[in-house]
Structure formats: C-alpha cells, structure tokens
There are 2 protein chains.
Amino acid sequence: MKEIEKTLENKSVRPTAMRILIYKYLAEKEVAISLTDIETAFAKAERTTLYRTLKTFEDKGVVHQIDDGTGIQKYALCEPGCNCDLEQDLHLHFHCNNCDETVCLTEHKIPHINLPEGYIAEDANLVLKGICEKCSGQ
Amino acid sequence: MKEIEKTLENKSVRPTAMRILIYKYLAEKEVAISLTDIETAFAKAERTTLYRTLKTFEDKGVVHQIDDGTGIQKYALCEPGCNCDLEQDLHLHFHCNNCDETVCLTEHKIPHINLPEGYIAEDANLVLKGICEKCSGQ
DNA sequence: GCAATAAATGCACTTCCGTTGCATAATTAG
DNA sequence: CTAATTATGCAACGGAAGTGCATTTATTGC
C-alpha cells in the first residue's frame with residue numbers, strides 16, 4: 001500500500017486518503033474511468049473532491065485523459081514511463097459499442113500522418129470503435 | 001439555388017426554407033460547424049428547429065458528424081460521393097488549437113490498424129490537433 | 001379544391017456533465 | 001504554536017444535448 005503513496009509523492013501529489021482510494025480504484029480497472037464511474041463507486045464522497053482529484057492526477061501526470069467520442073471525459077492511469085504529452089507516446093484507444101467500455105491499446109501507437117503544407121501537428125487522438133475481445137466472445 | 005433543393009430531395013429531405021438556408025450556410029463554410037455556430041448565424045430561428053435540422057441532415061447523409069475532441073458536436077457537408085458510414089471512407093480531421101476551427105482532410109484516410117485478437121473495428125475517428133495553415137501564417 | 005394525414009416548427013422544460021466560488025478543515029512550513 | 005498553504009465540502013452556475021407536446025405548414029387521397 002505504501003507503494004501508492006510513493007508513486008503519488010513522486011509525482012508531487014499529496015497522498016491523502018481519498019486520493020489513495022481513487023488511485024487504487026483506477027489501478028484495479030483496466031478500462032478508462034469517468035467521473036460518474038468514480039462517483040458511483042464512492043457514493044459517500046463529494047463529487048467536487050473526486051472531480052478535482054482527477055484533475056490533479058491529470059495535471060501531475062498520474063493519469064491521462066481519454067476522449068473516446070462518447071462525449072464523456074475518461075481517465076486511465078499512466079503506465080510507468082508513459083509520456084502522454086509526447087507525440088511519440090500517443091497510443092490509440094478502443095471503444096466497445098457493446099459494453100460501452102474504453103481501453104488503452106498502449107502498444108499500438110498512432111501512425112505518423114503526412115499533413116498538407118502549413119499544418120503543424122502537436123497532438124493526435126485515434127479512437128477505434130467496434131466490439132472488444134470480451135464482447136466478441138473470445 | 002434550385003441546386004440545393006434537388007440535392008436535399010435526392011437524399012429525401014424535404015427542402016423547407018430553413019433547411020435550404022442552413023444548407024447554404026454549411027456550404028459556404030469550409031470548416032466544421034456546431035449547433036451554436038448556426039444558432040448565432042440564425043439568431044431569429046428556434047434552437048430546436050436548427051437542432052433537428054442537423055439531426056435530419058445527419059440521418060439522411062447530408063452531413064456527417066465530427067467529434068473533434070472539444071466536446072462539442074460539429075457537422076460538415078458530405079462531399080459528393082461520400083460514404084461516411086463505410087470504413088474505407090473515413091477521413092481524418094484537423095483541429096486548430098489557435099483558431100479553434102476544425103476542418104475535414106478528406107484526402108487523408110485513416111490508416112488501417114491491426115488490432116489484437118478478438119477486437120472487431122467498425123468505425124474509427126482520428127483527430128490531429130495543432131496549428132492550421134491559416135494560423136501558421138502560410 | 002378540400003378534408004384527412006403526415007411532417008416541420010416553436011416553445012417550454014429537463015437532464016447530464018463539467019466547472020467555479022467560497023467557506024471550512026487539514027496539513028505543512030517557519 | 002502560528003501562519004500559510006493545500007485539500008475538502010457545499011452550493012450553485014452554465015453549456016450543450018435532448019424530449020414532449022401543441023401548432024403550423026405541407027402533402028396525399030379523394
């Protein structure tokens with residue numbers, strides 16, 4: 001358990017009780033988590049606290065934000081050594097139209113795209129949608 | 001002007017005055033348009049009408065919806081011969097972090113991705129973010 | 001052309017989610 | 001121990017999407 005505290009401190013996030021719980025929650029799930037998910041899981045806690053915890057995690061590089069096209073912001077723990085801000089580290093995400101879950105495919109990087117003259121790319125987001133392995137029955 | 005009416009009728013959308021106006025508006029802009037944009041441009045019209053017009057256009061394949069990661073739904077006219085529902089026709093979109101506009105790069109298709117075992121892709125969305133040609137000063 | 005039918009529009013709400021302001025509690029630094 | 005910083009709790013706001021229902025407008029069958 002002290003593990004988590006250290007991880008948070010390394011990223012200069014004060015390891016409060018709530019933050020440790022949320023970190024643990026994120027760690028057990030392999031899918032991208034929305035604020036509403038966390039709200040449901042921690043029904044007793046304040047929405048704002050959860051909200052700000054996620055924002056803090058995001059700012060400090062504990063999680064990365066995922067836009068999976070549902071219009072709902074989701075988050076997932078950064079892998080050790082993840083540099084989500086660097087273009088090379090941009091992995092793609094898969095959103096299942098059946099179970100509505102989104103997963104990081106961290107080994108699949110976004111291919112480089114040759115843009116027309118004048119366009120400067122700084123960031124990219126690629127989401128594939130379809131049926132995930134769980135739902136395709138494999 | 002009868003052009004537009006025919007286009008709409010071809011897609012089995014009744015060419016009402018409002019719809020023709022909105023179509024014209026979309027046609028002059030080369031960028032993706034949000035409901036709010038249209039609301040501003042047609043301040044006198046009812047929000048719901050504009051909203052439902054866009055939905056109708058989308059249903060009937062007059063426009064395609066664009067998720068550019070801003071969290072705001074945008075729309076752009078389908079090119080003649082556009083099959084936005086087919087995977088092969090998925091082009092990418094570019095969102096400018098400076099002027100906040102989003103454009104279709106219709107010639108740039110989304111590259112094919114090899115997914116892990118069990119994943120079935122049905123749809124894809126690729127958005128590049130950065131500085132567009134207008135803003136990069138070219 | 002006229003009544004019956006269907007489609008489009010207008011108006012009033014609702015809901016969902018993200019976000020902010022401010023007071024209080026807890027933690028850390030001096 | 002006190003002052004200063006940071007986290008939390010509570011209340012409220014705001015934007016955007018969406019729905020229900022009455023009314024107007026257009027279309028179809030006669």
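The chains referred to below are lettered A, B, ... by the order of the sequence lines, with proteins before strands, and numbering in each begins at 1. Hydrogens, waters and symmetry mates are skipped; everything else that's a heavy atom, side chains included, is used.
I20(A) has its CD1 atom 15 Å from the C1' atom of dT8(D), to the nearest Å. Atom CD in E39(B) sits roughly 14 Å away from atom C1' in dG10(C) (whole-Å rounding). In this structure, CZ of R47(A) is placed 11 Å from P of dC16(C), rounded to the nearest angstrom. Separating the CG atom of L8(A) from the P atom of dA7(D) is a distance of 11 Å, rounded to the nearest angstrom. Taking atom NZ of K74(A) as the reference point, atom P of dG18(C) lies 10 Å away to the nearest angstrom. Between E46(A) atom CD and dA23(C) atom P there is a gap of 17 Å when expressed in whole angstrom units. One can place CD of Q65(A) at 8 Å from P of dT19(C), the figure rounded to the nearest angstrom. We find that CD of Q73(A) is positioned 10 Å from C1' of dT19(C), with the value rounded to whole Å.
Across all strands shown, T48(B) has heavy atoms under 4.0 Å from base atoms, whether or not it also approaches the sugar-phosphate. At the heavy-atom level, R52(A) lies under 4.0 Å from base atoms of the strands shown.
Proximity of a side-chain donor or acceptor of D37(B) to a complementary backbone N or O of S34(B) within less than 3.5 Å is detected. Panel note: side chain S136(A), backbone G118(B); a donor-acceptor pair is recorded below 3.5 Å.
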- Evaluate the criterion salt bridge (charged side-chain N to carboxylate O under 4.0 Å, His left out) for residue pair R14(B) and E9(B); output intermediate values, then yes/no. CA-CA 6 Å; R14(B) 284 225 289 245; E9(B) 271 168 359; over 6 Å; no
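Between T36(B) and the phosphate of dA16(D), there is a side-chain N or O to OP1/OP2 separation shorter than 4.0 Å. For T16(B), a side-chain nitrogen or oxygen approaches OP1 or OP2 of dT9(C) to under 4.0 Å.
Between H93(A) and H108(A), the ring center distance fails the sub-6.0 Å criterion.
Both G71(A) and R14(B) lie near DNA chain C, and the one whose nearest nucleotide falls closer to the 5' end is R14(B). Looking at which nucleotide of DNA chain D each of P15(B) and M18(A) is closest to, the 5′-most match is held by M18(A).
More than 12 heavy atoms of other residues, nucleotides or ligands lie within 6.0 Å of CD in Q65(A), so this atom counts as buried by the packing criterion.
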